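Reviewing the structure listed below.
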There are 2 protein chains.
Amino acid sequence: MATGRTHRPATRSRGIPEATVARLPLYLRALTALSERSVPTVSSEELAAAAGVNSAKLRKDFSYLGSYGTRGVGYDVEYLVYQISRELGLTQDWPVVIVGIGNLGAALANYGGFASRGFRVAALIDADPEMAGKQVAGITVQHSDDLEKIISDNGVSIGVITTPPGVAQQVCERLVAAGVTSILNFAPTVLSVPDGVDVRKVDLSIELQILAFHEQRKAGEEAESQAGAVAAAHQDDDEKGPDGDVPAVMPA
Amino acid sequence: MATGRTHRPATRSRGIPEATVARLPLYLRALTALSERSVPTVSSEELAAAAGVNSAKLRKDFSYLGSYGTRGVGYDVEYLVYQISRELGLTQDWPVVIVGIGNLGAALANYGGFASRGFRVAALIDADPEMAGKQVAGITVQHSDDLEKIISDNGVSIGVITTPPGVAQQVCERLVAAGVTSILNFAPTVLSVPDGVDVRKVDLSIELQILAFHEQRKAGEEAESQAGAVAAAHQDDDEKGPDGDVPAVMPA
DNA sequence: CCATCTTTGTGCACGCGTTCACAAAGACAT
DNA sequence: ATGTCTTTGTGAACGCGTGCACAAAGATGG
């Protein structure tokens with residue numbers, strides 16, 4: 001769902017399905033909240049509700065990690081927090097670089113959720129000489145000329161790209177050449193990467209467009225059921241779109 | 001994938017699979033780039049390469065929209081841009097509100113990708129009285145007391161939540177009560193919404209954790225193949241994790 | 001008008017993910 | 001101990017998504 005180009009053959013890494021991996025952080029967050037409230041154990045039903053998933057799915061997910069529950073009781077919160085953290089690799093330190101310190105890059109640098117669990121902003125990099133030397137989120141921005149050195153000196157394997165789309169691909173290539181093997185891409189571009197490099201993308205514009213699609217559909221259905229037999233002429237699934245010609249309802 | 005809690009029964013809205021809908025924006029972006037270069041037609045193979053997907057998948061995706069291609073030639077770029085835009089509902093104007101004008105909210109407000117296609121930032125809302133009245137991205141921030149009025153006056157149906165996690169749920173509820181039916185959530189929280197409301201979430205922390213998982217796996221495999229027969233003792237899939245045992249805490 | 005060549009549109013098979021439903025396992029009381 | 005009750009762990013069925021492979025369709029040239 002996130003890799004740029006690679007046909008990931010459903011990488012069931014060590015037997016853990018990708019879909020399960022994507023949910024583990026969700027469980028971890030819910031468990032951490034319980035842990036802070038000193039709740040000792042939790043049932044699959046309760047935890048599933050907190051994470052917003054089906055309880056059977058949650059149990060199956062956990063079964064891939066091992067048998068960490070106790071029948072008749074539930075799961076030990078602390079123990080599960082540890083197991084999931086370890087499984088996700090959060091027991092170690094992950095230095096991360098952010099490339100492209102514009103509005104978004106700066107916002108991410110300031111984002112608290114970073115340091116919280118295993119991740120540490122090792123460096124901020126920008127191509128603008130004006131930016132170099134400035135402090136953002138208490139970290140000095142460095143010039144992209146030194147990108148390779150920064151990566152190797154800090155042992156960085158995860159890079160975050162928040163550059164304009166035009167330069168994202170070349171930044172990506174430099175990151176990969178320097179040793180980065182995981183990339184989180186915020187630029188609205190499809191990144192091509194060699195095998196062995198993971199890319200996940202976050203794209204505001206795509207998310208909005210998906211929402212708009214469903215929104216339009218809702219409006220269309222609503223109009224359809226309200227209109228009743230009025231639009232009996234252009235019926236069936238042949239109609240080209242819910243909005244027809246006149247938006248009829250909604251925004252001014 | 002994105003909905004907070006609702007079991008969306010694979011909402012194949014009007015016969016278009018959800019997975020296809022999620023790729024349409026990708027195609028649209030690639031097509032727009034071609035259009036700007038005045039490319040008249042494009043084959044499924046070329047477009048698929050540009051969008052980073054399989055060409056068969058692309059053709060099947062388009063087949064859900066209709067038969068818009070010409071065999072032996074390909075697809076008419078302009079026509080396809082229009083068809084996909086219409087399908088996604090981008091031919092109409094979507095006023096959007098952003099709630100929570102911190103670093104991230106401000107960054108999104110400044111983000112150019114917003115206005116580009118159908119979306120318009122109708123209002124910025126924040127709970128801090130200090131923020132109200134200030135200009136962000138050329139828009140005056142309004143206080144959250146007026147949230148309901150802002151939503152209804154502007155006919156807003158899409159809301160973006162960039163508040164701290166603690167207040168995200170209640171902001172969400174106010175948005176929904178005021179008439180918002182699509183929510184893009186950047187707060188690290190599971191949102192509960194009534195049926196009929198779509199929620200998509202963007203979560204930096206989760207994305208990083210997924211990357212960390214794969215990163216750890218890569219490192220493990222590497223070490224494994226390098227170490228060779230060294231770790232012959234605790235082998236097989238029975239091993240509890242890369243960092244051995246020391247469970248630290250066991251369930252009481 | 002026919003042959004050839006390109007490219008679409010899709011039938012089909014396969015695999016992943018989800019969910020149901022239930023047997024097995026353990027806690028707890030008597 | 002034994003029975004009851006709760007909750008896990010999982011076998012099995014089903015549906016969605018993906019990709020192969022090919023026939024149909026149309027363009028193009030002779």
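All heavy atoms count here, side chains included; hydrogens, waters and symmetry mates do not. A quick note: this is a predicted structure, and the numbers were derived from the prediction, not measured. Just so we're on the same page: letters track the sequence lines, and every chain starts at 1.
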Quickly work out the [X] [atom1] to [N] [atom2] distance and round it to whole Å.
X: Leu47(A); N: dT6(D); atom1: CG; atom2: P; value: 20 Å
X: Asp76(A); N: dT7(D); atom1: CG; atom2: P; value: 16 Å
X: Lys57(B); N: dG11(C); atom1: NZ; atom2: P; value: 19 Å
X: Glu45(B); N: dT6(C); atom1: CD; atom2: C1'; value: 12 Å
X: Leu80(A); N: dT7(D); atom1: CG; atom2: P; value: 16 Å
X: Leu58(B); N: dG17(D); atom1: CG; atom2: C1'; value: 15 Å
X: Ile16(B); N: dG17(D); atom1: CD1; atom2: P; value: 12 Å
X: Glu46(B); N: dT6(C); atom1: CD; atom2: C1'; value: 12 Å

Would you say a side-chain N or O of Ser44(B) is under 4.0 Å from OP1 or OP2 of dT7(C)?
no
With a cut-off of less than 4.0 Å, is there a side-chain N or O of Asn54(B) near OP1 or OP2 of dC20(D)?
yes
Presence of donor-acceptor pair under 3.5 Å, side chain of Lys60(B) and base of dG19(D):
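It does, because a donor-acceptor pair links the side chain of Lys60(B) to the base of dG19(D) below 3.5 Å.
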Check: dT7(C) base within 3.5 Å donor-acceptor of Arg71(B) side chain
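No, the side chain and the base share no sub-3.5 Å donor-acceptor pair.
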When you get a sec, tell me which of dG17(D), dT8(C), dG17(C) is the closest nucleotide to the side chain of Ala19(B)?
dG17(D)
Tell me which nucleotide among dG9(C), dA24(C), dT18(C) gets nearest to the side chain of Tyr75(B).
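Taking heavy atoms from C-beta onward, the closest nucleotide is dG9(C).
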Begin with the C-alpha distance, continue with both residues' side-chain angles, and end with the deciding distance and a verdict on side chain to side chain donor-acceptor pair (under 3.5 Å) for Ser205(A) and Gln209(A).
CA-CA 6 Å; Ser205(A) 162; Gln209(A) 289 176 34; 3.1 Å; yes
Hey, are Gln169(A) and Glu173(A) close enough side-chain-wise for a donor-acceptor pair under 3.5 Å?
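Side-chain D/A pair, Glu173(A) to Gln169(A): present.
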Whether the Thr20(B) and Asp61(B) side chains hold a donor-acceptor pair (N or O, under 3.5 Å, no angle test) is what I'd like checked.
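Yes - a donor-acceptor pair under 3.5 Å links their side chains.
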When the nearest nucleotide of DNA chain D is assigned to Phe62(A) and to Arg23(B) on a heavy-atom basis, which residue is associated with the more 5' position?
Phe62(A)
Between Val73(A) and Arg59(A), who's closer to the 5' end of DNA chain C by nearest nucleotide?
Arg59(A)
Is there side-chain contact between Thr41(B) and Thr70(B), with at least one heavy-atom pair below 4.5 Å?
no
Residue among His214(B), Glu215(B), Glu207(B) satisfying side-chain hydrogen bond (donor to acceptor under 3.5 Å, both in side chains) with Ser182(A):
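So the option named by the test is Glu215(B).
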Looking for any heavy atom pair under 4.0 Å, which part of the strands does Thr20(A) touch: base, sugar-phosphate only, or nothing?
nothing
